[in-house]
J.: 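The following block contains the structure, expressed as structure tokens.
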There are 2 protein chains.
Amino acid sequence: MSEQEHAETPDTTSEKLVELAKRRGYFFQSAGAYGGVGGFYTFGPQGAALKGNIEDAWRDRFAVAEGNMEIDAPTIMPEPVFEASGHLEGFDDMLVECPECGESHRADHVVEDNTEYEDAESLPIPEVEEVIAEYELVCPNCGAGLAGQAVEAFNLMFKTNIGPGDSQPGYLRPETAQGIFVEFPRLKEYARNQLPFGVTQIGRAYRNEISPRRSIIRTREFTQAELEYFIDPEADEPDLSSVEDVTVTLYPASEQDAEGGTEIETTIGEAVAAGIITDQWVAYFLGVAKPWYEAVGVDMDRFRYRQHLPGERAHYASDCWDAESEIDGNWIEMAGFAHRGNYDLSKHGDHSGDRFTIFKQYDEPRTVERATVDPDMSYLGPEFGGDAETVVEKLEELAARNRSAFDGETVEIDLDGETREIPVETTGFSLEAKTEAGEHITPHVVEPSFGVDRVVYTVLHHAYREDEVDGEERTYLDLEPEVAPTFVGVFPLQNDDELETEAREVAAALREAGLSVTYDDSGNIGRRYRRQDEVGTPFCVTVDYESLEDEAVTVRERDTTAQKRLPIEDLPTALPAIRAGDLEFEDLEG
Amino acid sequence: MSEQEHAETPDTTSEKLVELAKRRGYFFQSAGAYGGVGGFYTFGPQGAALKGNIEDAWRDRFAVAEGNMEIDAPTIMPEPVFEASGHLEGFDDMLVECPECGESHRADHVVEDNTEYEDAESLPIPEVEEVIAEYELVCPNCGAGLAGQAVEAFNLMFKTNIGPGDSQPGYLRPETAQGIFVEFPRLKEYARNQLPFGVTQIGRAYRNEISPRRSIIRTREFTQAELEYFIDPEADEPDLSSVEDVTVTLYPASEQDAEGGTEIETTIGEAVAAGIITDQWVAYFLGVAKPWYEAVGVDMDRFRYRQHLPGERAHYASDCWDAESEIDGNWIEMAGFAHRGNYDLSKHGDHSGDRFTIFKQYDEPRTVERATVDPDMSYLGPEFGGDAETVVEKLEELAARNRSAFDGETVEIDLDGETREIPVETTGFSLEAKTEAGEHITPHVVEPSFGVDRVVYTVLHHAYREDEVDGEERTYLDLEPEVAPTFVGVFPLQNDDELETEAREVAAALREAGLSVTYDDSGNIGRRYRRQDEVGTPFCVTVDYESLEDEAVTVRERDTTAQKRLPIEDLPTALPAIRAGDLEFEDLEG
């Protein structure tokens, strides 16, 4: 994942969110007791639950509903995998080290933050060195001049050694995808050798960023949810009709290049018809993903699909779009959707001893004619001596390439720059008919690749709200019930044995009904509401003294703080119905 | 996790299971296209689903039902964490390298496999070298003599570098627990500074084994599910009454040591009363875990709790038991249950700048008397000169340690080996009363630590069945419905548009009812049954031509292969009821 990142600006919502995240157990920098380490974050109880719910929602949509297989591969992989994938050679960032303080910086970021260059990452290293010298750029840490410092390519993979010694290097995977690609020869068996099929994986990936920044947006260890969808490009077509009416905000490459270019509101169907989205499979997954993002709580007014510019796209990718969310005026990448051609599988096929192909059966067997030779060595031997074998090879190659060369009485071949004539009758030239049931093809791959942490961040940021309740400022998270860590908080009004017993029973009944429940009896009721508001719990249920008489409780809705009195016995059906979207709180009869 | 491991014996069930696991998508060695790497396995579609179901079942029991918090921490952690935890110094295996072929072996395994020594891991390195020389042990790979080869301590952590250069080493965590311990100062805030509280984590852990072996039982990358339960050892007691009647098979240390010692059948309550399980918290979690193992499908006739021998236990652990399962005559460790005292938190407290304590409020404030001194420097100065400050320190220390030393007219201190007398009146000795609301205590930790991969392996192994159906041999997995990757397979009897449409509708309705469903229309019906039997799918539903008339289908039960004709409309209630354990297949009315 690359990221369109602008200069950091002081930013209140993000700053407030990061503070709330730490205080309420969403996420915080790891190992704080030891001073912390850049780029590593721990998800606290709320964050782990939110992240897990988002992963489950992704699994439901991209694995289960699409009928794809999910696998779970190791995070450490051996070196040959990354020789094949190209990560060992090309997965670099530009590093410049300060001659004074010794701190390392991303050279392209130093350039972008201090010049008019917008995409320094795409510049060759010597040019970046020149720009640094020309603009007299300085170390962002200590202010020392960086001119004349060498800019180096720094590989972003974490390296380790497997087993004793260093004879078997291993790398932490930079993307979950490679754990799928390398197992293609086995996975295709599980798919019964039939295209198309998809394989998903949700798991950790690692990039040894030079300058991790912006909280959980650019970390060194993160979670990806990736789908690799394998297709026969000549035969398989997506079910575009199921997504053609999905409305989307697109920011095509042409608009990004144009003076005053802007986003376009359209539908998937129209965008394909107009040639804006050039690949049908990419269009299909963009259509599937948009309602998913909406369902987990991304604000659709702060969401767009941005097409990669031709220079930004990998050379093998025929079309590529990012899902982006707006965070305080900047757009960040949450996912990439690319048609990667047969690049990945053919690379592994070339580098390994296994077959990264599928046998594609013809509708009916095809008969093909093959030209072969069977030279008469009793003629070639005496005639060509030590060169006779070379002549045979040349004849074989010529027969395969240009059978009409054998039409006359003699065949001409080139031997050490000299043209030699050979009687056709001595070549044993013939045409053989061969019947073939099919052929081995290397499938193409369409890849929707999601960054889970960035979805978590976006969902929290887009849900952050401040309002005033009873004259007091309130902060709450307007999280979707499907992903909120807790769906309902249950409180006894006061610390009283009878109330606590009753409240615990209500909590147990709601848990039994499949809801995520928090029981809380600490502090006054106002503080408990505030606590649940801040973690984004959609509903709170309070058991009071009256409840012991009338078997009813107060149910409070998070966003409106509206309260209703409801019979306890109704809750285990009413609240799950609200969560499932079959019922609205407003329609509940109190 | 250590493992009681005996010499490998050729083993049919395990061998058959590993073959089935590969063929049917449970698990297989990773990166086979590149020759594979020892100790790394990929879970295929069935295995990932089974593992995920087991993790969910663990989460339900040990996090949700127990009211504990789940977190999600990075797998890479900085060096100071492991300096504090002791892993950097002491997390070693004994390595011996063959002088001929260069292969590395675990020296203790070479000894155990070829001598009468049973626990060579506990021997000091020089002694292992002596045993190798004395028994003239040879390389298991090439047969060259190992006598005289140095045995070395090999650290089992995977090392890497965080950021550019090697100034910030990082390690892949050898246990998920450290991700919890290091965040204690923050986690206690989420628990509102109240003991007891528990924190769980399910995630990857890594050990760079010298000789990974036995499929997914001893790998280099694996999944742990750990609970760290923080208690005040003086105040907190577990709810033993809730588990006292749980029956368990125990193998106490005393029986392991005894001639002809054997397992004991008892209950948790009796074992505590008899002093067999010495720690009540450990007893509580053993009582919680046993029904959990049973529910996910571990055969209780092949399950026991084995107490650690005194020499096997970590020095800080007061009691420790392993959950073990029997695999082809060997017992393997699936989990460890230890009372770790305050070892972990006090180590991190000592090594970091943060407080790994909880402020424990007294029931009512306590007044304590403190002895202090306030020496008269106008006396000490002239009397002791440059040693006056040292004398003051000695007086302060003496007052805190032994206030009765100030009872007489003079106080004696030791100064450079010489006893000196000081008039009490010049020391300013006095007793001060101080009122304290509480004290900072370092909580103790009780740790149930589960190896998820080993549960997966055990569940599959214990579920492996062979029988005969209609005169043909059949293999099936008798998996519990709660963890089976697929609960129901849905088939059209033949490839026919009408049947396929109807079958897909049935499949969709069952998915809607929350079941995990596989639709399969490939191959004849017998092959499809066999496929589902082999992956352990409890039920199959077949749509035939009659179904189009009577809206009924054939439902087949896996273990008995019994079939019933049931109305399609009943399935979305009947099958979930069976999965939930509220209904038996036998009781279904056809």
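Sequence lines set the chain letters: A, B, ... in the order given, protein chains first and strands last, and positions in each chain run from 1. Every heavy atom of this structure was used, including side-chain atoms; hydrogens, water molecules and symmetry mates were not. No experiment lies behind these values; they were computed from the predicted model shown.
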J.: Output the option from A:Glu70, A:Glu183, A:Lys159, A:Met69 having the highest count of non-hydrogen pairs under 4.5 Å with chain B.
T.: A:Glu183
J.: Go through A:Gln168, A:Gln194, A:Lys22 and name the one with the most non-hydrogen pairs under 4.5 angstrom from chain B.
T.: A:Lys22
J.: At a 4.5 Å cut-off on heavy atoms, which part of B:Thr75 comes close to chain A: side chain, backbone, both, or neither?
T.: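 Backbone plus side chain of B:Thr75, per the 4.5 Å heavy-atom cut-off to chain A.
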J.: Could you check which of B:Ile71, B:Asp72, B:Asp354 has the highest count of heavy-atom pairs closer than 4.5 Å to chain A?
T.: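 Going by pairs under 4.5 Å, I would pick B:Asp72.
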J.: Heavy-atom distance under 4.5 Å to chain A: side chain of B:Phe154, backbone, both or neither?
T.: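 B:Phe154 touches chain A through side-chain heavy atoms alone.
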J.: Could you tell me which portion of A:Lys51 (side chain, backbone, both or neither) has an atom closer than 4.5 angstrom to a non-hydrogen atom of chain B?
T.: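 Only the side chain of A:Lys51 comes within 4.5 Å of chain B.
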J.: I'd like to know which of A:Gly32, A:Ser104, A:Pro164, A:Pro80 tops the heavy-atom pair count under 4.5 Å against chain B.
T.: A:Pro164
J.: Can you tell me which of B:Gly52, B:Gly47, B:Ser30 forms the most heavy-atom pairs within a distance under 4.5 Å of chain A?
T.: B:Ser30
J.: Tell me, for A:Phe184 versus chain B, whether the close heavy atoms (under 4.5 Å) come from the side chain, the backbone, both or neither.
T.: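 Looking at A:Phe184, nothing touches chain B.
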J.: Can you tell which part of B:Tyr519 gets under 4.5 Å to a heavy atom of chain A, answering side chain, backbone, both or neither?
T.: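 No part of B:Tyr519 comes within 4.5 Å of chain A.
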J.: Could you walk me through whether A:Arg23 and B:Glu189 pass side-chain contact (heavy atoms from CB on, under 4.5 Å), step by step?
T.: CA-CA 8 Å; A:Arg23 185 162 42 82; B:Glu189 303 289 334; over 6 Å; no
J.: Among the options A:Thr219, A:Val199, A:Leu172, pick out the one with the most heavy-atom pairs lying under 4.5 Å from chain B.
T.: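 Option with the greatest count: A:Leu172.
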J.: Check the pair A:Asp60 / B:Arg511 against salt bridge (Lys or Arg N to Asp or Glu O under 4.0 Å), numbers first and verdict last.
T.: CA-CA 11 Å; A:Asp60 284 347; B:Arg511 274 196 198 101; over 6 Å; no
J.: Quick check on B:Glu97 against chain A: is it the side chain, the backbone, both or neither that has a heavy atom closer than 4.5 Å?
T.: neither
J.: Looking at B:Arg355, B:Met77, B:His348, which makes the most heavy-atom pairs under 4.5 Å with chain A?
T.: B:His348
J.: Quick one, B:Arg192 with A:Asp520, criterion side-chain contact (heavy atoms from CB on, under 4.5 Å). Give me CA distance, side-chain angles, the key distance, then yes/no.
T.: CA-CA 11 Å; B:Arg192 295 177 211 135; A:Asp520 188 0; 3.1 Å; yes
J.: What pair of heavy atoms forms the shortest contact from B:Pro74 to A:Arg204, and how long is it?
T.: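 Closest heavy-atom pair between B:Pro74 and A:Arg204: CA-NH1, 3.7 Å.
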J.: I'd like to know which of B:Asn161, B:Ile210, B:Leu187 tops the heavy-atom pair count under 4.5 Å against chain A.
T.: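 Winner by heavy-atom pair count: B:Asn161.
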J.: For A:His351 and B:Tyr34: C-alpha separation, side-chain torsions, deciding distance, then whether side chain to side chain donor-acceptor pair (under 3.5 Å) applies.
T.: CA-CA 8 Å; A:His351 282 75; B:Tyr34 293 96; 5.5 Å; no
J.: Where does A:Phe27 contact chain B at under 4.5 Å (heavy atoms): side chain, backbone, both or neither?
T.: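 Looking at A:Phe27, nothing touches chain B.
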J.: Given side-chain contact (heavy atoms from CB on, under 4.5 Å), test A:Thr42 with B:Val182 step by step and report yes or no.
T.: CA-CA 11 Å; A:Thr42 294; B:Val182 293; over 6 Å; no
J.: Among the options B:Asn208, B:Thr518, B:Val37, pick out the one with the most heavy-atom pairs lying under 4.5 Å from chain A.
T.: B:Asn208
J.: What part of B:Arg186 lies closer than 4.5 angstrom to a heavy atom of chain A: side chain, backbone, both or neither?
T.: side chain
J.: State, to 0.1 Å, how close B:Ile162 and A:Phe40 come at their nearest heavy-atom pair, and which atoms those are.
T.: CG2-CE1, 3.8 Å
J.: Sub-3.5 Å donor-acceptor pair from the side chain of A:Thr160 to the main-chain atoms of B:Phe158, do we have one?
T.: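 A pair under 3.5 Å: no.
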J.: Let me know if A:Arg531 has heavy atoms under 4.5 Å from chain B in its side chain, its backbone, both or neither.
T.: side chain
J.: Taking B:Phe356, B:Phe28, B:Tyr41 one by one, which has the highest count of heavy-atom pairs under 4.5 Å against chain A?
T.: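 Top count of heavy-atom pairs under 4.5 Å with chain A: B:Phe28.
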J.: Taking every non-hydrogen pair under 4.5 Å, which of A:Gly25, A:Ala65, A:Pro185 racks up the most with chain B?
T.: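 Maximum pair count with chain B is reached by A:Gly25.
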J.: For A:Ile76 and B:Glu221, which heavy atoms make the closest approach, and how far apart are they?
T.: N-OE1, 3.1 Å
J.: Can you confirm whether B:Glu512 is buried at CD, in the sense that more than 12 heavy atoms of other residues, nucleotides or ligands lie under 6.0 Å from that atom?
T.: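 Open: at most 12 neighbouring heavy atoms sit under 6.0 Å from CD of B:Glu512.
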J.: Side chain, backbone, both or neither: which part of B:Tyr190 has a heavy atom under 4.5 Å from chain A?
T.: side chain
